[in-house]
Trainee: 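The following block contains the structure, expressed as structure tokens.
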Amino acid sequence: MTDDTPVPTGADEGPRLSAVVHGRNVQGHLQECLEDLVTGPAAPVEVIVATTDPAAHRLAERYAAQDPRLLPLPLPDGTGEAAARAAGAARATAPWLHFVPAKDRVPGGAWRTVTDLAAVQPPDVDVLVLDAVHSTWWATGRPSPDASVLARAGRVPRTLDDCPDLWRVTPLLGARVLRTDHWRAHPEWAAEPDAELLAYAVLARARRITALDHPVLDDRRLRTASLPPPTPEDHYGLVGRYEAVQEVLAAQGASTAVRAALYDVMVREWLRVIARGALPEPVAREFFHRAARAAARWRPPGHPAPPGLDGVRYRLLERDAYRPYRAVQGVNHQQREVRERWRTRGRRAAAKLRDHRYRRALDRPVHDDLAVFSAYWDRGVTCNPAAIAEKLAALAPEVRQVWVVARDRVPLLPPGTRYVVPGTPDYWEALARARFLVNNVNFSGAVVKRPDAVHLQTHHGTPLKRMGLDQLSYPAAAKGLNFRALLARVDKWDYSVSANPHSTETWERAYPSRYVSLDHGYPRNDVLHRATPARIRAVRERLGIPRGRTAFLYAPTHRDYEAGWTPRLDLAALAAHLGEDAVLLVRGHYFYGGTSPLAGLRRDGRVVDVSAYDPVEDLQLAADGLITDYSSLMFDYAGLDRPVLVYADDWETYARTRGVYFDLTSQAPGHVVRTQEELTEAIRSGAWQDAASAKTRAAFRRRFCAYDDGLAAERVVRRVFLGEPESALPPVVPVDERRPVPTPQEADAT
């Protein structure tokens with residue numbers, strides 16, 4: 001069983017999570033909170049509503065009549081936040097606890113994700129640290145700054161020594177899920193009114209911690225003007241909060257690394273409070289003195305200050321040098337203002353010049369013979385745009401082609417490629433005057449859609465995960481996406497290329513606008529339907545695959561809750577189990593740059609790192625079978641009518657975090673396996689290419705390979721660039737009438 005495989009839950013098993021909704025019904029938000037709980041996806045959760053407000057209690061009783069998971073818990077008038085939390089926790093019957101302030105909400109599906117994650121934790125994991133989104137009176141679902149820290153920590157159980165960066169995660173108790181025994185082992189927490197201190201304390205006391213970049217709380221930031229003004233003691237409490245956590249760490253003998261990480265977090269926070277300038281001068285001076293005494297007390301021996309001006313501030317605080325600190329702050333403020341004025345002037349001048357040149361270019365006629373191409377955020381000549389460009393050169397060589405390519409990718413371009421670098425005058429000139437603009441993502445929002453230009457959106461995969469506006473309900477996936485700006489870019493599309501009816505329907509819903517859908521197939525897949533045996537043999541020779549060997553392409557996809565890529569399979573062990581006659585081609589997702597985790601396996605001829613190999617279509621032609629999880633590559637590869645194994649070890653987490661359009665585990669292009677052992681056995685036993693696999697693949701191909709027949713690029717070029725009517729285009733060959741290109745073994749025999 002893997003870390004993400006949920007334990008099956010029987011109806012009589014009881015709750016796995018006790019959620020304590022506590023506090024006053026501030027500004028009437030409790031009803032919204034409970035409405036979400038009752039109407040949201042079912043999860044093995046009990047919800048204890050601990051409130052002092054009689055009206056709020058009646059509200060909880062009304063919802064409890066609709067959902068037996070809700071348990072109203074009336075409390076005496078005057079019961080504080082700490083006592084309300086403690087009273088709710090005392091009634092908890094589940095092994096895990098989640099404290100939810102009554103003013104906040106729980107995003108849809110979050111509790112199911114939490115219970116699935118909690119079900120597979122080792123006994124010594126005491127805390128799950130998750131993400132939160134933030135809502136105000138004027139905006140909802142804004143992402144937190146914590147996603148990257150949580151993603152780097154990953155879902156592997158860790159100690160604070162392993163990941164001291166967890167101190168940097170916003171101290172929201174509602175974004176922590178605690179093992180109930182962990183809470184009850186520390187009775188002093190029941191009397192602690194400071195929820196932020198508790199958020200730190202539960203980490204400090206935890207044996208091990210698991211992190212997940214998935215929102216479990218919508219933290220509602222109430223309008224400041226509606227709250228009582230903070231007192232000086234409220235501000236000084238920030239110093240005491242950190243000192244209390246440091247005392248806990250000292251008492252339990254925490255390592256220097258853990259204490260130093262917390263020290264840096266607390267000093268930076270104190271300096272931010274002073275630098276904001278929101279405190280009255282006497283309060284700011286006293287805050288500084290208290291922080292200085294605490295900094296001197298808790299500074300780890302030999303701990304270095306950060307470089308530059310931040311280090312100067314550190315040392316002035318530790319020396320309690322308030323006047324010099326203010327002097328440095330004043331000088332720095334003046335210098336920053338001067339630098340910012342010059343930068344602003346420079347930016348404005350550059351933008352004004354660029355805008356002037358661009359507008360002048362827009363006033364000139366378009367070049368009817370100019371087509372601008374880009375792919376994957378200006379990565380180079382690849383994907384659908386590259387296939388269209390190749391066919392365009394054959395059918396209309398008079399059309400000049402220019403590629404938009406990032407400066408660092410220029411050395412990788414094929415010889416003779418005409419290109420422009422983003423942001424340069426040539427770039428803006430080309431975009432302003434090209435008749436055709438082709439991309440598989442989107443051009444800059446600053447690009448103007450002139451009426452005599454044609455924008456062709458090719459996309460770069462068949463959607464399994466939620467896209468466009470369908471991400472509105474999945475803040476972990478959207479990560480602050482500006483949907484209005486997205487729609488403004490979509491409104492520039494004239495044509496949208498589609499590979500199958502599912503994609504057409506999805507694009508029309510996720511990207512609603514007036515463009516024309518081209519149900520012509522994906523041009524990049526033409527080669528998968530037209531490749532010769534000689535090309536297949538040549539690709540395998542280039543990859544070093546000996547004749548007679550069975551090659552598997554392992555191509556996992558990106559996960560929004562992971563910052564980097566760690567292969568989810570033990571690749572060396574898998575290769576060893578597959579034996580001498582198998583080769584494993586491993587391709588990491590293009591989102592993950594930097595050093596490959598496969599570096600140690602590259603010298604093993606049975607594991608070949610092909611993450612940087614282009615084009616990916618060659619890898620598909622070379623592979624006898626595909627191993628993937630949720631990558632859109634499976635939709636393309638299915639067109640070859642070769643076996644596919646879906647390794648869905650974390651399907652439930654992926655589906656709820658990212659959102660999906662259908663259940664892949666029941667509608668897959670081949671066998672679905674959940675563990676490495678199952679994967680290995682499916683290959684060793686031959687099940688990966690049995691009749692059952694062929695049957696499911698046939699159904700999958702009819703649904704998702706409907707338009708891919710090897711003529712997609714020709715149809716697109718004739719329709720968009722040559723202006724031919726749809727009735728004159730080559731008709732799509734039905735799936736059941738196509739003859740797949742030879743398999744590698746067939747190619748070897750030719």
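The structure displayed is predicted, hence computed values, not measured ones.
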Trainee: Before giving the answer on side chain to side chain donor-acceptor pair (under 3.5 Å), spell out for Asp629 and Thr557 the whole-Å C-alpha distance, their side-chain angles and the decisive distance to 0.1 Å.
Mentor: CA-CA 7 Å; Asp629 40 29; Thr557 193; 5.2 Å; no
Trainee: Is the backbone N or O of Ala153 less than 3.5 Å from a side-chain atom of Arg158, with the two atoms forming a donor-acceptor pair by type?
Mentor: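 Here the side-chain-to-backbone pair exists.
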Trainee: Report yes if the distance between the aromatic ring centroids of His182 and Trp189 is under 6.0 Å, otherwise no.
Mentor: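 They qualify: ring centres under 6.0 Å apart.
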Trainee: Hydrogens and angles aside, do Asp234 and Thr231 bring a side-chain donor and acceptor to less than 3.5 Å of each other?
Mentor: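 Indeed, the side chains of Asp234 and Thr231 share at least one donor-acceptor pair under 3.5 Å.
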Trainee: Decide side-chain contact (heavy atoms from CB on, under 4.5 Å) for Arg297 and Glu243; before the verdict, give the C-alpha distance in whole Å, the side-chain angles of both, and the deciding distance to 0.1 Å.
Mentor: CA-CA 9 Å; Arg297 177 184 177 191; Glu243 286 212 272; 3.3 Å; yes
Trainee: Centres of the Tyr263 and Trp167 rings: under 6.0 Å?
Mentor: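 Tyr263 vs Trp167: aromatic centres not under 6.0 Å.
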Trainee: Between Glu652 and Arg656, is the closest basic N to carboxylate O distance under 4.0 Å?
Mentor: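 The answer is no: the pair does not qualify as a salt bridge.
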Trainee: If you look only at distance, which donor and acceptor atoms sit under 3.5 Å apart when one is on a side chain in residues 253-260 and the other is two or more places apart or in another chain?
Mentor:
unit_1, atom_1, unit_2, atom_2, d
Ser255, OG, Asp161, OD1, 2.3
Ser255, OG, Val258, N, 3.3

Trainee: Apply side-chain contact (heavy atoms from CB on, under 4.5 Å) to residues Arg176 and Leu198 and explain how you reach the verdict.
Mentor: CA-CA 10 Å; Arg176 314 278 199 264; Leu198 279 177; over 6 Å; no
Trainee: Does a salt bridge link Arg179 with Asp181, judged by any charged N lying under 4.0 Å from a carboxylate O?
Mentor: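 Judged by the 4.0 Å cut-off on N to carboxylate O distance, Arg179 and Asp181 do not form a salt bridge.
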Trainee: Determine whether the side chains of Asp219 and His134 contain a donor N or O and an acceptor N or O closer than 3.5 Å.
Mentor: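 Their side chains do contain a donor-acceptor pair, which is all the 3.5 Å distance test asks for.
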Trainee: Under 3.5 Å, is there a donor on one side chain and an acceptor on the other for Asp162 and Thr159?
Mentor: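 Yes - a donor-acceptor pair under 3.5 Å links their side chains.
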Trainee: Run the ring-centre check on Tyr200 versus Tyr242 and record whether the distance is less than 6.0 Å.
Mentor: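 Ring centroids of Tyr200 and Tyr242 are less than 6.0 Å from each other.
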Trainee: Between Asp218 and Arg105, does any side-chain N to carboxylate O distance fall below 4.0 Å?
Mentor: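 Here Asp218 pairs with Arg105 in a salt bridge, since their nearest N and O are under 4.0 Å apart.
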Trainee: Looking at Glu505, I'd like to know if its CD atom is crowded, meaning that more than 12 non-hydrogen atoms belonging to other residues, nucleotides or ligands lie closer than 6.0 Å.
Mentor: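 Not buried by this count: 12 neighbours or fewer within 6.0 Å.
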Trainee: Are any side-chain N or O atoms of Arg205 and backbone N or O atoms of Ala185, one a donor and one an acceptor, separated by less than 3.5 Å?
Mentor: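 Not a single qualifying donor-acceptor pair exists.
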Trainee: Is it true that, when you exclude Asp77 itself, more than 12 heavy atoms of the residues, nucleotides or ligands shown sit nearer than 6.0 Å to its CG?
Mentor: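 No.
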Trainee: Is the closest basic N to carboxylate O distance between Asp104 and Arg220 below 4.0 Å?
Mentor: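 No, this pair does not count.
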Trainee: So, are Asp124 and Arg208 salt-bridged, with charged N and O less than 4.0 Å apart?
Mentor: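 Yes, Asp124 and Arg208 are salt-bridged.
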Trainee: Is it the case that the side chains of Tyr630 and Asp650 hold a donor-acceptor pair, with the cut-off being a distance below 3.5 Å and no angle test?
Mentor: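 Their side chains do contain a donor-acceptor pair, which is all the 3.5 Å distance test asks for.
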Trainee: Kindly check if the number of other-residue, nucleotide or ligand heavy atoms within 6.0 Å of CZ (Arg509) is above 12?
Mentor: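 Counting neighbours around CZ of Arg509, more than 12 heavy atoms of other residues, nucleotides or ligands fall under 6.0 Å, so yes.
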Trainee: Under 6.0 Å from the CZ atom of Arg272, do we count more than 12 heavy atoms belonging to anything else shown?
Mentor: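 Enclosed.
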Trainee: Side chain of Arg85, backbone of Glu192: donor and acceptor closer than 3.5 Å?
Mentor: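 Here the side-chain-to-backbone pair exists.
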